[in-house]
Q: 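The structure under discussion is supplied below as structure tokens; questions concerning it will follow.
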Amino acid sequence: MPRQVDHESRRRLIAEAVCRLADERGLEGVTLRDVAARAQVSMGAVQRCFRTKEEMLVFALGYIGERIGERVGARLVRSPAQSAATALGLAATEISLLREEHRAEARVWLAFVAQAAVSEALAGTLRANYAALQEAFARLVAEAGGGADRAVPLDPRREARTLLALADGLTTHVLIGHLTPHEAHEVLHAHLAGLWE
């Protein structure tokens, strides 16, 4: 059993090294040799954990998604939601990666999204991540009711998809300097407020 725990912790250490390198150089700058050096392990150790570079990248992407998911959960626990609408707002804000302390993570996430356009393995991991988020968001939209007095009732799945696309788009716009984090937060919160009118 201790051997498995060590193996998993080494895989996470390597994933962290992948993320740091991807932040500095983009995914094209991530080599097994550089990952080994950054993680302070041998090339053999990297190769024992991952058979291929793609397998290593898929694991690193899953690791990032897991970290973001844990942060969303922790945020909801720290700020107990008064309603499903509040919980949705907190979760959407967290996954948008707009805060300064999440800037590196946002760069890495978008590097993986770009690479997924040409890597089916990465695309599959992203689809699974987005599907889970979409279901969670759709449940919150349905629970919040979305303005029962609306002439046209909200479609929770459509609204969840829209919110995920908006979150990724805002992340991109902040990273390239088109929007400030404050402006992006205003856009996100105006959209959320519009759901409940």
Side-chain angles (χ1 to χ4, degrees), residues 9 11-30 34-35 37-40 56-117 122 125-126 128-130 132-134 136-137 140-141 159-196:
S9 65
R11 287 167 60 91
R12 290 175 176 276
L13 177 71
I14 291 167
E16 288 173 10
V18 168
C19 292
R20 288 193 304 273
L21 288 167
D23 178 38
E24 295 166 13
R25 308 175 188 172
L27 284 181
E28 63 279 357
V30 174
D34 289 343
V35 168
R38 184 62 61 98
Q40 299 183 330
M56 180 179 68
L57 293 179
V58 167
F59 181 84
L61 176 57
Y63 176 73
I64 294 167
E66 186 180 295
R67 277 194 339 211
I68 293 169
E70 287 171 358
R71 205 168 52 241
V72 168
R75 175 90 186 265
L76 293 175
V77 168
R78 275 194 324 270
S79 307
Q82 299 294 315
S83 66
T86 301
L88 182 65
L90 290 171
T93 299
E94 202 61 51
I95 68 159
S96 296
L97 303 173
L98 300 176
R99 291 198 299 274
E100 185 60 41
E101 65 263 28
H102 299 142
R103 199 60 40 87
E105 196 169 55
R107 285 189 295 268
V108 172
W109 180 258
L110 289 181
F112 274 106
V113 170
Q115 188 66 28
L122 290 175
T125 301
L126 280 172
N129 286 346
Y130 283 127
L133 282 170
Q134 180 179 306
F137 281 14
L140 290 170
V141 170
E159 295 305 333
R161 286 192 298 266
T162 301
L163 195 50
L164 286 172
L166 179 61
D168 272 357
L170 291 173
T171 303
T172 302
H173 284 252
V174 169
L175 283 179
I176 65 170
H178 178 249
L179 294 175
T180 67
H182 178 73
E183 290 168 333
H185 276 289
E186 285 182 339
V187 169
L188 179 60
H189 291 291
H191 176 77
L192 287 164
L195 292 178
W196 319 124

Q: For S96 and L188, work out which heavy atoms get closest and say how close.
A: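 Heavy atoms only, the tightest pair is OG-CD2, 3.7 Å.
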
Q: How many angstroms lie between CZ in F59 and CE in M56, if you round to the nearest 0.5 Å?
A: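 Reported to 0.5 Å precision, the distance equals 11.5 Å.
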
Q: With the side chain counted from C-beta on, respond yes when L97 and L175 share a heavy-atom pair under 4.5 Å apart, and no when they do not.
A: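 No, every pair of side-chain atoms sits at 4.5 Å or beyond.
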
Q: For residues 103-115, which side-chain N or O atoms pair as donor and acceptor with protein atoms under 3.5 Å away, sequence neighbours left out?
A:
{"residue": "R103", "atom": "NH1", "partner": "E100", "partner atom": "OE1", "Å": "3.2"}
{"residue": "R103", "atom": "NH2", "partner": "L98", "partner atom": "O", "Å": "2.8"}
{"residue": "E105", "atom": "OE1", "partner": "R71", "partner atom": "NH1", "Å": "2.9"}
{"residue": "E105", "atom": "OE1", "partner": "R71", "partner atom": "NH2", "Å": "2.6"}
{"residue": "E105", "atom": "OE2", "partner": "R67", "partner atom": "NE", "Å": "3.3"}
{"residue": "E105", "atom": "OE2", "partner": "R67", "partner atom": "NH2", "Å": "3.0"}
{"residue": "R107", "atom": "NE", "partner": "D23", "partner atom": "OD1", "Å": "2.4"}
{"residue": "R107", "atom": "NH2", "partner": "D23", "partner atom": "OD1", "Å": "2.9"}
{"residue": "R107", "atom": "NH2", "partner": "D23", "partner atom": "OD2", "Å": "3.4"}

Q: Kindly write out the residues that satisfy salt bridge (charged side-chain N to carboxylate O under 4.0 Å, His left out) with E24, not counting sequence neighbours, or none if the list is empty.
A: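 Salt bridge (charged side-chain N to carboxylate O under 4.0 Å, His left out) list for E24, sorted by chain: R38.
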
Q: Could you list the residues that satisfy ring pair (Phe, Tyr, Trp, His ring centres under 6.0 Å) with Y63, not counting sequence neighbours?
A: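 Y63: no ring pair (Phe, Tyr, Trp, His ring centres under 6.0 Å) contacts found.
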
Q: In Å and rounded to the nearest 0.5 Å, what is the CD to CD1 distance from E16 to I64?
A: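 Output value for this atom pair is 10.5 Å.
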
Q: List the atom of L13, the atom of A39, and the distance in Å for their closest heavy-atom pair.
A: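 Here L13 and A39 meet closest at CD2-O, 3.5 Å.
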
Q: Please name the pair of heavy atoms, one in A184 and one in V174, separated by the smallest distance, quoted to 0.1 Å.
A: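 Heavy-atom minimum between the residues: CB-CG2, 3.5 Å.
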
Q: Checking side chain to side chain contact (heavy atoms under 4.5 Å, CB included) against L61, which of V18, L27, L122 comes through?
A: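 That would be L122.
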
Q: Grab the two heavy atoms, one from L88 and one from L163, that are nearest each other, plus how far apart they are.
A: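 Smallest heavy-atom distance, with atoms named: CD1-CD2, 3.7 Å.
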
Q: For A85, give me all partners under side chain to side chain contact (heavy atoms under 4.5 Å, CB included), at least two apart in sequence or on another chain.
A: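 Only S83, A144, W196 meet the side chain to side chain contact (heavy atoms under 4.5 Å, CB included) criterion with A85.
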
Q: Looking at every heavy atom in both L192 and G89, which two are closest together, and how far apart are they?
A: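 In this case the closest contact between L192 and G89 is CD1-CA, 3.6 Å.
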
Q: I'd like to check the side chain to side chain contact (heavy atoms under 4.5 Å, CB included) partners of E186; sequence neighbours left out, ordered by chain and number.
A: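 Expected list: H182.
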
Q: Who passes salt bridge (charged side-chain N to carboxylate O under 4.0 Å, His left out) against E101, sequence neighbours left out?
A: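 With sequence neighbours excluded, E101 shows a salt bridge (charged side-chain N to carboxylate O under 4.0 Å, His left out) to R99, given in chain and number order.
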
Q: Under the rule for side chain to side chain donor-acceptor pair (under 3.5 Å), what residues qualify as partners of D168, not counting sequence neighbours?
A: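 For D168 the side chain to side chain donor-acceptor pair (under 3.5 Å) partners, ignoring immediate neighbours, are Y130.
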
Q: Sequence neighbours left out, what passes side chain to side chain donor-acceptor pair (under 3.5 Å) with T93? Give chain and number order.
A: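 Partners of T93 by the side chain to side chain donor-acceptor pair (under 3.5 Å) criterion, ordered by chain and then number, come out as H189.
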
Q: List for me each residue that meets salt bridge (charged side-chain N to carboxylate O under 4.0 Å, His left out) alongside E66, sequence neighbours excluded, and say none if there are none.
A: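 E66 satisfies salt bridge (charged side-chain N to carboxylate O under 4.0 Å, His left out) with R12 once adjacent residues are dropped.
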
Q: Are D34 and V30 side-chain neighbours, meaning at least one heavy-atom pair lies under 4.5 Å?
A: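 SC-SC contact between D34 and V30 ruled out.
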
Q: Just to verify, what does H191 make a side chain to side chain donor-acceptor pair (under 3.5 Å) with, not counting sequence neighbours?
A: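 Counting only residues at least two positions away or on another chain, H191 forms no side chain to side chain donor-acceptor pair (under 3.5 Å).
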
Q: Please report the closest heavy-atom contact between V35 and A17, naming both atoms and the distance.
A: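 Answer, listing the atom of V35 first, then A17: O-CB, 3.8 Å.
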
Q: To the nearest 0.5 Å, what is the distance between OG1 on T162 and CG on L164?
A: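 Result: 9.0 Å between the selected atoms.
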
